[in-house]
Undergrad: 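Mind looking over this structure? Questions follow.
In listed order, ligands and their atoms are each counted from 1. Just so you know, these numbers come straight off a predicted model, no measurement behind them.
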Amino acid sequence: MTLRKLVAGNWKMHGLSSDLAEIEAIAEASRGYPQVDVALCVPAILIERASRAVPGFAIGGQDVHHAEKGAHTGCVSAQMLVDAGAALTIVGHSERRDAQREQDSEVKAKAEAALAAGLDVILCVGEILEVREQRAAVETVLAQLDGSLPEQSATGVELAVAYEPVWAIGTGKIPTTAEIAEMHAAIRDRLAGSYGPAGETVRILYGGSVKASNAREIFAVAHVDGALVGGASLRAADFMPIVAAASVDR
Ligand code: 13P
């Protein structure tokens, strides 16, 4: 089954009021690619201004707390993201799994809270270099999936999975297309095993050093249904060629 491609930018800890013009430029240029879904996940504090600046364009968060509300200093709930105008959120990014010591069970709770609040979710998984070198990447990523996938596939909201090898993030290194194909096929199988036919429609994004120069090759791999883009999503000039590559029929 060929799914529509989703190209999502993860701005990480980048983005000030002065960058709203760049978000507007990306939203405007994305209208030229109606066959591709495009989204930008920006710092929480920028979501409201960004979503007001580009009505109808998907603005998302980068993390969410699993609880509805309560004594969680510094945290943001799913309902707050929705209230600010977010349409989606990332959960389980490796930078949070690492720096904030997020475990699979917490990532799962975050994904479930976000879906329940009406947000689409991009759930990230990926192995560190040592694991890849030990040839244990597939089993490690499948174990992460088993621990962090929400109980049920979503209805009315969308779950996507992003495979982001940790060693490929921000390094300029990417797996071979054969390695990406092997991992995405394994993830597809596991999604079908977990959700039945609905698992066939969960988009599987690749993330890690996606750029204009490698996007076409990556999008041509079976079961690559889009990309989660970090550094190259900060400027329309770098990001739009990736969106354009996703729009090419194969
Ligand atoms: P880069 O595209 O900068 O490697 O980042 C990938 C990423 O972590 C997206 O979530």
Undergrad: When you measure from atom 5 (O) of ligand 1 to every protein heavy atom, which one gives the shortest distance, and what is it?
TA: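 Ranked first by proximity to atom 5 (O) of ligand 1 is K12 NZ, 3.3 Å.
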
Undergrad: Is any N or O atom of N10, backbone or side chain, closer than 3.5 Å to an N or O atom of ligand 1?
TA: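 Yes, at least one N or O pair falls under 3.5 Å.
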
Undergrad: Quick check: is V107 connected to L159 through a chain of hydrophobic side chains (ILVMFWY, heavy atoms under 4.5 Å apart)?
TA: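 Yes; V107 is reachable from L159 via cluster members.
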
Undergrad: With a 4.5 Å cut-off on side-chain heavy atoms, are L81 and V76 touching?
TA: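 Yes, at least one pair of side-chain atoms sits under 4.5 Å.
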
Undergrad: Check the angle between the aromatic planes of Y163 and H184 and answer parallel, tilted or perpendicular using the 30° and 60° thresholds.
TA: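 Correct class here is perpendicular.
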
Undergrad: Pairing donors with acceptors under 3.5 angstrom, does anything connect the side chains of H93 and E164?
TA: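 Yes, a side-chain donor-acceptor pair sits under 3.5 Å.
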
Undergrad: Per the side-chain contact (heavy atoms from CB on, under 4.5 Å) rule, which among L228, D225, D37 passes with L6?
TA: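 Among L228, D225, D37, the one meeting side-chain contact (heavy atoms from CB on, under 4.5 Å) with L6 is D37.
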
Undergrad: In the protein, what heavy atom is nearest to atom 2 (O) of ligand 1, and what distance, to one decimal place, separates them?
TA: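 Heavy-atom neighbour on the protein nearest atom 2 (O) of ligand 1: G230 N, 2.9 Å.
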
Undergrad: Considering distance alone, does some N or O of G208 sit under 3.5 Å from an N or O of ligand 1?
TA: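 It does not: no N or O of G208 is found under 3.5 Å from an N or O of ligand 1.
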
Undergrad: Would you say ligand 1 has an N or O under 3.5 Å from any N or O of T171?
TA: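 No; the residue has no nitrogen or oxygen that sits under 3.5 Å from a nitrogen or oxygen of the ligand.
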
Undergrad: Please answer whether the main-chain N or O of L191 pairs with a side-chain N or O of S194 as donor and acceptor at a distance below 3.5 Å.
TA: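 It does not hold such a pair.
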
Undergrad: At less than 4.0 angstrom from any non-hydrogen atom of G231, what atoms of ligand 1 do you find?
TA: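 Close to G231: 1 (P), 2 (O), 3 (O).
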
Undergrad: Number the atoms of ligand 1 from 1 as they appear, then name those within less than 4.0 Å of a heavy atom of I169, with their elements.
TA: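 The list of qualifying atoms is 4 (O), 5 (O), 6 (C), 8 (O).
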
Undergrad: Determine, for E158 against R203, whether the closest basic-nitrogen to carboxylate-oxygen distance falls under 4.0 angstrom.
TA: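 Answer for the salt bridge query: yes.
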
Undergrad: Can you sort out which atoms of ligand 1 are near E164, meaning under 4.0 Å from one of its heavy atoms?
TA: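 Contacts of ligand 1 toward E164, numbered from 1: 6 (C), 7 (C), 8 (O), 9 (C), 10 (O).
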
Undergrad: Of all the atoms in ligand 1, which lie at a distance below 4.0 Å from a heavy atom belonging to L228?
TA: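 So the atoms of ligand 1 that pass are 9 (C), 10 (O).
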
Undergrad: Between ligand 1 and G170, can you find any atom pair, the residue atom being a heavy atom, that is separated by under 4.0 Å?
TA: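 Judged by the 4.0 Å heavy-atom criterion, G170 does count as contacting ligand 1.
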
